[in-house]
There are 2 protein chains.
Amino acid sequence: MSPRRGLDLKVILETAAEIANTEGVEAITLAALAKKLHIKPPSLYNHIDGLSGLQSKLAVFGLEQLLKELTKASVGRAGDEAVQSLAEAYVSFARKQPGLYQLTLKAPKEEDTDYHAVANELVELLFGIFRAYHLNDEAAIHAVRGIRSILHGYTTLEQKGGFGLSIDLDVSLRFMIDTFLAGIKSANRK
Amino acid sequence: MSPRRGLDLKVILETAAEIANTEGVEAITLAALAKKLHIKPPSLYNHIDGLSGLQSKLAVFGLEQLLKELTKASVGRAGDEAVQSLAEAYVSFARKQPGLYQLTLKAPKEEDTDYHAVANELVELLFGIFRAYHLNDEAAIHAVRGIRSILHGYTTLEQKGGFGLSIDLDVSLRFMIDTFLAGIKSANRK
DNA sequence: TATAATAACTAATGTTATTAGTTTATTCAA
DNA sequence: TTGAATAAACTAATAACATTAGTTATTATA
């Protein structure tokens, strides 16, 4: 145990995520974070490497939580059902934690190995699910890229209010996943 | 003509877009912009309503350019060919103007009628293209939402380096559009 | 109990956005 | 041709913020 136990990194990240979720990503400042933690801004430098270091850590923190939710949603399921369940969990996470979700794509630097480790796990999860469709290696890569694009694109547009109000959003998501999977299966038959 | 002609708003927006494209969206500051324009930061307030006002104007500015490119790419084409051509133009725009593309989704406020006017035109363009698939009204909405999600999601992930390097990106985009359209057609036959 | 390590602190600096008030240039009417 | 009106530039000042340097306080362990 270290001398002079202070703040826990986890508490810092949770507090920052709370700010992001309630006030928006741009509201994350060291000043606001320090105030919430009842310390002075410079003290944060004992735990994080400035604002950009905090953002990097938040990206990993968020990605880990997302991965956990997606894993939970897909275990015990296969094929279309697994994909739909994962998609549902994906948007559910983004709705509950909009700020943290946005942070999961914030400035992933080349050298941030922590980030890429989790990101790879997420991609591997998707590959596993798509194994049920018996695609060749390259097709599987395209399929995984496709589903990631749909999920992220849909999520962002929903968050930004990019879709009109009238027609049910969940139905749209289900439709686009269904359609994409139908396309994969129809190509498979050729 | 106004007394004391100064800077043109178009020049301001072009200069800001250049900063965004070359140094990143977060590099857009009134200080940096003023320096590039050889004026002092407060003078910018004669033309724009602060930093957030600038961002709003840039969102419209970028969306207009994107719409123009997409329109150009889809005239004289129909069906799958029109969609693929539009998709190509979309990512091409985002690659040439990464910063400006990101700005097209920056903080679209409810009351920003300029923004929503252009955004609606873009959606109408897509509806027009999907008319060739003879979908009912609701299915058309889902389809347009789907293609928008794919395009934005793909673009963002490509920009952030979210896809690994090995497999060709353009092929992936073509694959996901193809697959989505195949899904639409297979559902149509039922 | 003393030392070393660590986390908090204060003080200071530089960057930025923004507001208020002033000066300057230019169009247009007298 | 001149002068008033207008609008765009300016200077000066303030507040919020990130960040660094250096100091103080606390606590595990030797």
Side-chain angles (χ1 to χ4, degrees), chain A residues 1-61 99 102-103 106-109 111-112, chain B residues 1-61 99 102-103 106-109 111-112:
Chain A
M1 195 113 302
S2 68
R4 177 124 205 213
R5 177 178 216 84
L7 278 178
D8 190 22
L9 179 60
K10 183 153 166 275
V11 174
I12 294 178
L13 296 179
E14 282 168 353
T15 306
E18 194 187 320
I19 295 174
N21 290 331
T22 56
E23 300 172 55
V25 171
E26 65 294 336
I28 301 183
T29 63
L30 295 187
L33 180 56
K35 177 167 272 185
K36 269 209 154 190
L37 293 167
H38 307 293
I39 60 174
K40 305 293 172 182
S43 304
L44 285 168
Y45 286 76
N46 288 314
H47 306 277
I48 54 170
D49 187 11
L51 185 57
S52 72
L54 172 65
Q55 287 168 341
S56 301
K57 285 210 187 300
L58 281 170
V60 179
F61 183 70
Q102 284 171 247
L103 286 163
K106 198 82 179 181
K109 297 258 193 300
E111 65 272 16
D112 191 335
Chain B
M1 193 112 306
S2 68
R4 177 128 206 211
R5 178 178 214 82
L7 277 178
D8 189 22
L9 180 60
K10 185 154 165 272
V11 173
I12 294 178
L13 296 179
E14 282 168 354
T15 306
E18 193 186 320
I19 295 174
N21 290 331
T22 56
E23 300 172 54
V25 171
E26 66 292 335
I28 300 183
T29 63
L30 296 187
L33 180 57
K35 178 168 272 186
K36 269 209 155 193
L37 293 167
H38 307 295
I39 59 173
K40 304 294 173 182
S43 304
L44 286 168
Y45 286 77
N46 287 315
H47 307 278
I48 54 170
D49 188 12
L51 185 57
S52 72
L54 172 65
Q55 287 166 341
S56 301
K57 286 211 186 297
L58 281 170
V60 180
F61 182 70
Q102 282 171 248
L103 286 163
K106 199 78 178 184
K109 298 258 191 300
E111 65 272 17
D112 191 337

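Per chain, numbering begins at 1; letters A, B, ... match sequence-line order.
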* Rounding to a whole Å, what distance do you find between B:Q55:CD and C:dT18:P? -> 9 Å
* Between P of C:dG14 and NZ of B:K35, the distance in whole Å -> 15 Å
* Asked: If you check the B:A31 side chain, which of D:dA18, C:dA11, C:dA17 turns out closest?
  -> C:dA17
* Nearest non-hydrogen partners of A:L58 and A:A17, listed with the distance -> CD2-N, 4.2 Å
* To the nearest angstrom, how far is B:E26 atom CD from C:dT16 atom P? -> 13 Å
* To do: Round to a whole Å and report the spacing from CG of B:L33 to C1' of C:dA17.
  => 13 Å
* Given B:I28 and B:L33, is the side chain to side chain contact (heavy atoms under 4.5 Å, CB included) satisfied, shown in steps? -> CA-CA 7 Å; B:I28 300 183; B:L33 180 57; 5.5 Å; no
* To do: Starting from C1' on D:dA9, measure out to CD1 on B:I12 and report it in whole angstrom.
  => 12 Å
* If you check every side-chain atom of B:K40, which of C:dT18, D:dT19, D:dC10 has the closest atom? -> D:dC10
* To the nearest angstrom, how far is B:L9 atom CG from D:dA9 atom P? -> 12 Å
* Structure fact -> Atom NE2 of A:H38 and atom C1' of C:dA8 are separated, to the nearest Å, by 15 Å
* Would you classify B:S43 as touching base, sugar-phosphate or nothing, given that sugar-phosphate means primed atoms plus P, OP1 and OP2, and contacts are heavy atoms under 4.0 Å? => base
* Asked: Could a donor-acceptor pair under 3.5 angstrom be found where the side chain of B:N46 meets the base of D:dA9?
  -> yes
* To do: Check whether any side-chain N or O of A:Y45 sits under 4.0 Å from OP1 or OP2 of D:dT19, and answer yes or no.
  => yes
* Structure fact -> Nearest heavy-atom approach of A:A20 to A:L103 is CB-CD1, 3.9 Å
* Structure fact -> Closest of C:dT6, C:dA17, C:dT26 to the A:R4 side chain is C:dT6
* Are any of A:H47's side-chain N or O atoms less than 4.0 Å away from OP1 or OP2 of C:dT6? -> no
* Validation row: A:K57, A:I12 side chains within 4.5 angstrom (heavy atoms) -> no
* Structure fact -> B:I48 CD1 to D:dA7 P, in whole Å, measures 18 Å
* Could you pull out the closest heavy-atom pair between A:I48 and A:L54, with the gap in Å? => CD1-CB, 3.7 Å
* Looking at the side chain of B:P41, which of C:dA8, D:dA28, C:dT18 is the nearest nucleotide? -> C:dT18
